[in-house]
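What's counted below: heavy atoms across the whole structure, side chains too, no hydrogens, waters or symmetry copies. First the proteins, then the strands, lettered A, B, ... as listed; each starts at 1.
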Amino acid sequence: MPDALIPATGDPLLDGLNPPQREAVEYRGSALLIVAGAGSGKTRVLTHRVASLLRNREAWPSQILAITFTNKAAAEMRERVEDIVGEQAKGMWISTFHSACVRILRREAEQFGFTKSFTIYDSGDVRALLKRLVKEHEGDAYGLTPAAVQSRISKLKNELHDADSFRSQANISDPAERIFVEIFQDYSRRLRSANALDFDDLLAQTVFLFRAFPNVADTYRRRFRHVLVDEYQDTNHAQYQLIRELTKPVQGEQMDVGGGMVALLPEASDARASLTVVGDSDQSIYAFRGADIRNITEFERDFPGAKAILLEQNYRSSQNILDAANSVIRNNFDRKDKKLWTDQGPGESVVGFTGYSQHDEAQFIADEIDRLRGQGTNYSDIAVFYRTNSQSRALEEILIRAAVPYKIMGGTKFYDRAEIKDAIAYLVAVVNPADELAVRRILNKPKRGIGAVTETNIARFAADNDMTFREALGHADAMGLGPKIRKAIEQLDAVLQDATEILLPAEGDAPPTSVTEGLRLLLNASGYEDALRRSQDPQDEARVENLDELVAVTREFARNNPDGTIIDFLTEVALVADSDDLEDESGVVSLMTLHTAKGLEFDTVFLTGVEEDLIPHRISAGEPGGPQEERRLFYVGITRARRRLYLSLAMTRAQFGEVSSAMPSRFLQEIPAGLIEWRQSPSEMNGRGAGARSLGGGGSAARARENSWGQRPLTPKNKSSLAEFTNRVTGKVRDNGDLELTAGDRIQHDDFGEGTVDAITGQGAKRIAHVRFESAGTKKLLIKVAPITKIS
DNA sequence: GCAAACCGAATTTTT
DNA sequence: TTCGGTTTGC
């Protein structure tokens, strides 16, 4: 229905919304499911719904709990609600599952035998601990790897098993299983004694807490009258149960009436929070980490009387893109039919391209980007997606050479860097001295000559004398160590004590100093920063800069949270993945995996590597529901595009040092031939179509000749030309920094042959040569790295 | 205790 | 190929 036909209501929260959107904002009832197709305006609906609850005085801000999966989504939602209702938004809990749980758990920590200052272990910490435990239990003899154990424990916790409950149902007669159970139990003990929780615990412990202490649960049930959950299709079992617990009726005072019978005193028995969930089962792509699509598909059964509203009108993409998306996702059986549509017209065709190799494919993309750029498209409106991270390399190599600025999204995270983790470990060692892992981590950082042997000695001393590892550091003299090592330990102990005094002063002493000062003290007095500065390794220079950045983060934190404690800071660090948000990278092409792309949108999208064994990924074939999830992933990729969608693939792909030939993805066949305009189709590349499915794209042969490779004739089946293009590009860093080029020069390029320089732009390391090649057309080349030599 | 040489495995990822 | 983990040798 065209928007024009929707009558204005005079209500700013409803105007501009289509009828189902309005209903989703206005419906009041105990449970509401909003099935929001890609690009259907779900965030808008969600924020307007929250705003309308507030505006109509149906709820106080403090009675609203809105849950998202990522911090970014939470921040965006808060911002948008604030835009509508202003200051009021401050009192709402808009947060991720994990932050909401941490908030609850810190408050209630004593109830379950932890202290407020518990540490949160990320997967790296968990891995480090499990590595030790697997070794101690000799798990490798039974084929147990730390990675496998980690993922299994995580899955079990997501299913709300703990080590003991799992033990009772495990098959102990299988030795590998027995060892696994032992490791799991030991792991749980270590976490407990370290006063630490892993990510999965945050959810599971909250559920356990609610179940074990109904009065605690009631506190939160009374408080949150409206619970809203975004991306509901991505919830795992623990998250689902958490929602269930929160939306149960307030139980009221329990009275033991004898004989173990419990009576409930009547207290507002229908007082249960209203639940709104938003999601799209077609965008469920996280089953591999425990997301259970049934949570959303069976919502109406789980919550009887639930209302379901379907949002199918898409405000993002052109109809051609939506048709492509619909025609792909339609092939998933067992799904509620849903068809995205738009009133914005068909738009441009989807463009297909088949390269000889991944580099050929990348070159096409680079050329297209350059062409679009010439037409006024911003780099920041362009994104390149791929299934696996390893695919980014070839793209990067070509983009660098073509002088296309890009950024890899969701790559290595700031807080994952070793030096940052070290610095954080210093802080943790102060705040939560029970955290053995943190203390061990900093034991020999910077190098103090304390190796594995000494570490074991300290651990043994601690165990023998019934003290923590941290406490043992204060008794270096009693361990029979050499004088050098003894002094090193004493020095570390002193540094930690000094930091403790200023960060966590005893009652009545001076107030605690800022996190910034504490961190500075730790980094300086420990000698950590000095060691990096003195180092010859050029990488260490960057590490120092990262530490400076971390110090800056602490300052920023203090500014944003005047009352923020060091515990708050560490919580934020543990739960917020990157310090620099991915957003607003203006003027840069975004590269990312399909998973990272979820929730984002771009004018122009290049979906690369559309090949069998990549998408669907080969490993997914053996997993139940695997191929279907891959199809959803492909669907997610397609629906990110607003105006232009490119689907590209390569005939050969070099992986693991081997070149193998690739076949077009089955998903390509699912898109009607008429929707794709092939610049170079797989069948053309394959002569008689041998080896590949014949794919629609018949009438495109003429267009193929005007592709970016200019007049160079395609020579299908020509093995030598394939070989020529495979692995031509090496990762080796060239440095042509001193190469002097001026307009008119003749150059030889490894891939493109001979050409004439038209112009030179840019400065220094960013000098760009604009070259007219005889056979490959005009290219922009970054002189510093392009594989070129001057001839004549 | 530490650096160099060697071997083997290699989706997707947020919190 | 590349990364990371283990083994080996100083």
What is the separation between atom [atom1] on [X] and atom [atom2] on [N], rounded to the nearest whole Å?
X	N	atom1	atom2	result
A:Asp200	B:dT14	CG	C1'	11 Å
A:Leu600	B:dT14	CG	C1'	13 Å
A:Met409	B:dT13	CE	P	13 Å
A:Arg127	B:dT13	CZ	P	15 Å
A:Arg393	B:dA10	CZ	P	18 Å
A:Lys447	B:dC2	NZ	P	6 Å
A:Glu396	C:dT1	CD	P	18 Å
A:Asp198	B:dT14	CG	P	17 Å

Just so I know, are the side chains of [X] and [Y] near enough to count as touching, which here means a heavy-atom distance under 4.5 Å?
X	Y	result
A:Leu645	A:Phe606	no
A:Lys155	A:Arg289	no
A:His617	A:Asp613	no

Ignoring backbone atoms, test whether [X] places a side-chain nitrogen or oxygen under 4.0 Å from the OP1 or OP2 oxygen of [N].
X	N	answer
A:Thr596	B:dT13	yes
A:Asn236	B:dT14	no
A:Asn389	B:dT12	yes
A:Ser99	B:dT15	no

Options [options], nucleotide nearest the side-chain atoms of [X]:
X	options	answer
A:Thr70	B:dT13, B:dT14, C:dT6	B:dT14
A:Val453	B:dG1, C:dT2, B:dT12	B:dG1
A:His98	B:dT15, B:dT12, C:dT2	B:dT15
A:Asn71	B:dT15, C:dT2, B:dT12	B:dT15
A:Arg289	B:dT13, C:dC3, B:dT12	B:dT13
A:Ser620	B:dA3, B:dT15, B:dT11	B:dT11
A:His617	B:dT15, B:dG1, B:dT11	B:dT11
A:Thr454	B:dT15, B:dT13, B:dG1	B:dG1

Test the A:Arg106-A:Phe118 pair against the cation-pi criterion, namely NZ or CZ under 6.0 angstrom from the six-membered ring centroid and within 45° of the ring axis.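 Geometry flag: set, cation within 6.0 Å and 45°.
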
A cation-pi test, strictly: NZ or CZ of A:Arg190 under 6.0 Å from the centre of the six-membered ring of A:Tyr187 and no more than 45 degrees from its axis. Yes or no?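 No.
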
Mind checking if [X] touches a base, just sugar-phosphate, or nothing, with heavy atoms under 4.0 Å?
X	value
A:Arg618	nothing
A:Phe199	base
A:Glu630	base
A:Phe97	nothing
A:Asn444	sugar-phosphate

Name the orientation of the base relative to the sugar in B:dT12: syn if the glycosidic angle is within 90° of 0, else anti.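 For B:dT12, whose glycosidic angle is more than 90° from 0, the conformation is anti.
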
In whole Å, what separates the P atom of C:dG4 from that of B:dT13?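 Their P atoms lie roughly 16 Å apart.
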
Under the side-chain contact (heavy atoms from CB on, under 4.5 Å) test against A:Phe634, which residue among A:Leu594, A:Leu607, A:Thr639 passes?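 Of A:Leu594, A:Leu607, A:Thr639, side-chain contact (heavy atoms from CB on, under 4.5 Å) with A:Phe634 is met by A:Leu607 alone.
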
Are B:dT12 and A:Phe288 stacked, with the base six-membered ring and the side-chain ring centres under 5.5 Å apart and planes under 30°?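 Ring-base stacking flag set for A:Phe288 and B:dT12.
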
Which comes earlier along DNA chain B counting from the 5' end, the contact point of A:Ile485 or that of A:Glu629, where each point is its nearest nucleotide?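 Taking each residue's closest nucleotide, the earlier one in sequence belongs to A:Ile485.
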
Salt bridge between A:Lys157 and A:Asp201, side-chain N to carboxylate O under 4.0 Å?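 The answer is yes: the pair qualifies as a salt bridge.
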
